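A quick note: this is a predicted structure, and the numbers were derived from the prediction, not measured.
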Amino acid sequence: MSFEFQDVGKPKAEVAARRVMERVSGVDITPHFCRIEDKPLDFYSDFSIIVLGLDSIEARSYINAVACGFLEYDSDDNPREETVKPMVDGGTEGFKGHARIIVPGTTPCFECTIWLFPPQVKFPLCTLAETPRNAAHCIEYAHLIKWDEVHGKKSFDPDNPEDMQWVYSEAVKRAELFGIQGVTYSLTQGVVKNIIPAIASTNAIISAACALETLKIVSGCSKTLSNYLTYNGVEGLHTKVTEFVRDKDCLVCGPGVLIELEKSVTLKKFIDQLEDHPRLLLTKVSVTHRGNNLYMRAPPVLEEMTRSNLELPLFDLMGGIPKDIINVNGMAGKGDGKQSCLRKLRVVFKGVDGISDIDMAGGA
Amino acid sequence: MAEPKTKYDRQLRIWGEQGQTALEKSSICLLNCGPTGSETLKNLVLGGVGSITVVDGSKVEIGDLGNNYFVDESSVGESKAKTVCAFLQELNDAVKAKFIEEYPEALIDSNPSFFSQFTLVVATQLVEDSMVKLDRICRDANVMLIFARSYGLTGFVRISVKEHAVIESKPDHFLDDLRLNDPWPELKSFAETYDLDTPDPVVHKHTPYVIILIKIAEEWAKNHNGNLPSTREEKREFKDLLKSKMIASDEDNYKEAIEASFKLFAPRGISPSIQQIINDNCAEVNSNSTDFWVLVAALKEFIANEGGGEAPLEGSIPDMTSSTELYVNLQKIYQAKAEADFLVMEQRVKKLLKKIGRDPDSISKATIKSFCKNARKVKICRYRLIEDEYNTPVQLELQKYLTDEDYSIAVGFYILLRAVDRFAANYNSFPGQLEGEMDEEISRLKTTAVTLLGDLGCNGSTLTEDLINEMCRYGGAELLAVASFIGGIASQEVIKLITRQFVPMCGTFIFNGIDHKSQLLLL
Ligand SMILES: [Zn+2]
């Protein structure tokens, strides 16, 4: 995309939409200037394909869960074609990049191959506090330790140049104290904001690959990428296609975790069970069934409206059917690693007609 | 204070001020500004090259609106070069943008000296005949050249430069230059001042792994006739020995030593690729030698003399668990050795320059320093003339590609991309461009391709019907998404060539837009 100097400060979505429509007649682009999490789920369900231009693991995880959330399986555990919402994703860093196609239920989803995105390594606090050895250690000391000591509750704002300047000068002081070289303003910004170096040409290569795959999926004019392309232009030029495989037990794109319940279990009891479930460990749960809010933790007005459901049996809330998919939204994981997530659950009620042992077998 | 160049902040983090300056000094010529050409140039304009000159003789047509982002409805009938140039200028006003309304083919024939004013020429969508002529012109004028072409779901990128030398190749993963298996006297005596059996647990867990490995290696060598571990079994034993020296389970420095022990096991001396460079004929310097080869000649002397088989020390060490004081002191030991090596190299460079009749100070200290720091990583890329490749491709490689399943589609496209130009020369259109004659076109293209294969000495080799059909289906179309990919690759290589950083690709890149199994063909 091309932005100009006069565009600085304006919403990217709006500028991009206007630019493309000016240049290419006949296209209709609706910009949405908001966080991806702010859109209701049915906003996303209206599209036949989702192309991701995201820059974080969290955002990718979120959209992936949304797209996989639409996926339904038939009784043979095959994905129902009309519920499959393909995604095209890409990312770059310097002279390297990747592009991939995610067809939920067929190719691995983002979560199946989450190991491709190792978490960022953080410096141990004791290194920062006691044995700094390089410029980055001094910068992180100023940013993570010294800032709080001096400013107390006022939190650091990476977009405020004064705050950045303060961290920079504190880092310089610390570096001088320990005889460490190399603290610059530019490095300070890079470390504190975790700036990923980016160049136009790599972005062009990866976005072109994403656009081409999207066009091929939509038009059916050719075979598509199967399913993960990597590009590396650091030393010569290397492109590689890897066919990753799905994790059959994936919590996000699989048929859903199977949960067996007595007909009498209330919604509240069901929610409590999710917290102890070894594969889920879900807290702060909201529950929807076929688009109906059974219990919503937020906003307060919805919470109040749905609170009375907590004491009712889930079986009744779901309309008295023997088994169905329930979507829950909550925090997963333990301790510091807690993350907001969407989960699909296959709820089956015991002792209801129409359920045979065969249906129960092979649960995830 | 905040640096002023915030516009280029993210790319400066990759190629630095020096790379940016090189881009700003460069002058780029683009031949043909269809989608492939304008997409290539877009990335270079955003990167901040000094000037661009767009050469295209055609007018904007309705058909261009569907695949070129740098023309619009109001420009139909206008010069395409002028229109594209104006839209590109909007992206970055620091770039000087010019255009010439002339067909590149005509310019190549009528005014070959035109090209000598540029740093680099990007030639897009040229047919073989013009490519061959332009290649000769640029080679003689010492102008860098890159070809890019999009064709349906395929296309290629090919650099043509006589020789490209890279000092700052900036590889992602490269063995740290620690000299653990052959420490120089100062490093050795520095290590000797530390006692690994110190009773102080705080000191014990803050001794950097460099010192641990040097000392344990010495202990090992004493018990093994002066040798270091070489067999798998010995390496395992050595790691066990390291483990046995730990006095607490949380000693990260010892864990790092075990992980880094492969750095100790690495062979001494220079790598085969550096060996090849110092053995190159160009390392015998004369008054025509470039600075790079003078530096290589000095390196060759250094390795044979003061270096004792090693290149100058790089002088930096990776981060490792350590007390600050010990780490900083260790850093100083490495820096001092690197500085001493640099001074020796500097003297050798001066002497060589004098010998070949040049000013002994004509290569700057900064250049020599950068060369020393990167001496183990320098690269040379050479490219055949297109004409030579097309007339006499490397038979061994060609045969390999034709029979290797991984390469069959790429080499098929390579042949067909040439065959369509022969086809066009005979029939005045690309195969599949005319409606209603598909079957005939397919068989004509097949005949052309078979003849071409014969000319290349590959009698009996054939291409699959599927691929020939596919090529005819393209009808010479230039798709924007493919052009943008090809243009992206081409601009990436241009940046590497101009900044003289990172390593440009060798051979011909054949794009496979069907399943992205693209390949580089070294012919
Ligand atoms: Zn998955």
- Message: Quick one, Thr239(A) with Phe509(B), criterion side-chain contact (heavy atoms from CB on, under 4.5 Å). Give me CA distance, side-chain angles, the key distance, then yes/no.
- Response: CA-CA 10 Å; Thr239(A) 64; Phe509(B) 173 75; 4.3 Å; yes
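- Contacts of Glu213(A) with chain B are made by side-chain atoms alone, with heavy-atom separations under 4.5 Å and no backbone atom involved.
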- Apply side-chain contact (heavy atoms from CB on, under 4.5 Å) to the pair Arg10(B) and Ile199(A), showing each step before the final yes or no. CA-CA 7 Å; Arg10(B) 285 180 155 217; Ile199(A) 49 179; over 6 Å; no
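- Contacts between Lys517(B) and chain A at a heavy-atom distance below 4.5 Å involve backbone atoms as well as side-chain atoms.
- For Phe485(B), the parts sitting under 4.5 Å from any heavy atom of chain A are the backbone and the side chain alike.
- The parts of Phe95(A) that come within reach of chain B are both its backbone and its side chain, each placing non-hydrogen atoms under 4.5 angstrom from that chain.
- The environment of Lys193(A) atom NZ is dense: over 12 non-hydrogen atoms of other residues, nucleotides or ligands sit within 6.0 angstrom.
- When heavy atoms are compared at a cutoff of 4.5 Å, Val71(B) approaches chain A solely by way of its backbone atoms N, CA, C and O.
- No donor-acceptor pair closer than 3.5 Å links the side chain of Arg13(B) to the backbone N or O of Ala198(A).
- Nearest approach of Ile14(B) to Gly94(A), heavy atoms of both residues: CD1-CA, 3.3 Å.
- Taking CD1 from Ile514(B) and OG1 from Thr224(A), the interatomic distance works out to 11.5 Å, rounded to the nearest 0.5 Å.
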- Task: For Val157(B) and Leu237(A), run side-chain contact (heavy atoms from CB on, under 4.5 Å): C-alpha distance rounded to whole Å, both residues' side-chain angles, the deciding distance at 0.1 Å, then the answer.
- Result: CA-CA 11 Å; Val157(B) 179; Leu237(A) 189 156; over 6 Å; no
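- Gln492(B) and Thr202(A) share a side-chain donor-acceptor pair at under 3.5 Å.
- In this structure, chain B has no heavy atom under 4.5 Å from any part of His238(A).
- Interface remark: Leu44(B) contributes no atoms to any contact with chain A (heavy atom separation under 4.5 Å).
- Considering every non-hydrogen atom in both Glu493(B) and Gly236(A), the closest pair reads OE2-O, 4.4 Å.
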- Going through the distances and angles, do Asp9(B) and Gln189(A) end up as a side-chain contact (heavy atoms from CB on, under 4.5 Å)? CA-CA 10 Å; Asp9(B) 181 71; Gln189(A) 282 184 308; 4.3 Å; yes
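- Comparing Gly179(A), Ala209(A), Ala211(A) by how many heavy-atom pairs each has under 4.5 Å with chain B, the most go to Ala209(A).
- For the set Asp93(B), Asp319(B), Asp72(B), Asp172(B), the count of heavy-atom pairs under 4.5 angstrom toward chain A peaks at Asp319(B).
- Contact of Pro504(B) with chain A is made through the backbone alone, with heavy-atom distances under 4.5 Å.
- Between the Arg133(A) side chain and the Ser322(B) main chain, a donor and an acceptor come within less than 3.5 Å of each other.
- The two residues Val234(A) and Pro171(B) make their nearest non-hydrogen contact at CG1-CA, 4.2 Å.
- Relative to the ring axis of Tyr69(B), Arg19(A) does not place its NZ or CZ within 45° and under 6.0 Å from the centre.
- Both the backbone and the side chain of Leu212(A) come within less than 4.5 Å of a heavy atom in chain B.
- By number of non-hydrogen pairs under 4.5 angstrom with chain B, the leading residue of His137(A), Glu22(A), Glu130(A) is His137(A).
- Note that CG of Asp252(B) is 8.0 Å distant from OG1 of Thr127(A), once rounded to the nearest 0.5 Å.
- Heavy-atom distances place the side chain of Lys96(A), and not its backbone, under 4.5 Å from chain B.
- The minimum heavy-atom distance between Ser201(A) and Ile495(B), with the atom names listed, is OG-CD1, 3.8 Å.
- Residue Asn203(A): no heavy atom, backbone or side chain, is found under 4.5 Å from chain B.
- Summarising the geometry of His516(B) relative to Val241(A), their closest heavy-atom pair is O-CG2, 3.5 Å, with the distance given to 0.1 Å.
- Residue Cys221(A) holds its SG atom at 6.0 Å from CZ of Arg473(B), rounded to the nearest 0.5 Å.
- Lys496(B) places a side-chain N or O within donor-acceptor distance of the main-chain N or O of Gly233(A), the cut-off being under 3.5 Å.
- For the residue pair Ser484(B) and Ala208(A), the shortest heavy atom distance occurs at OG-CB, 3.5 Å.
- Remark: side-chain polar atoms of Thr324(B) are paired, donor with acceptor, to backbone N or O of Pro132(A) under 3.5 angstrom.
- To the nearest 0.5 angstrom, Ser323(B) atom OG is 10.5 Å from Phe178(A) atom CZ.
- Rounding to the nearest 0.5 angstrom, the gap separating the CZ atom in Phe502(B) from the CD atom in Glu235(A) is 10.0 Å.
- With hydrogens and angles disregarded, a donor-acceptor distance shorter than 3.5 Å links the side chain of Lys216(A) to the backbone of Gly513(B).
- With a 4.5 angstrom heavy-atom cutoff, Leu153(B) touches chain A only via side-chain atoms.
- Within the 4.5 angstrom heavy-atom criterion, no atom of Ile206(A) approaches chain B.
- Of the listed residues Thr131(A), Ile205(A), Val24(A), Leu225(A), the one with more heavy-atom pairs under 4.5 angstrom with chain B than any other is Ile205(A).
- In this structure, CG on Asp515(B) lies 4.5 Å from NZ on Lys223(A), to the nearest 0.5 angstrom.
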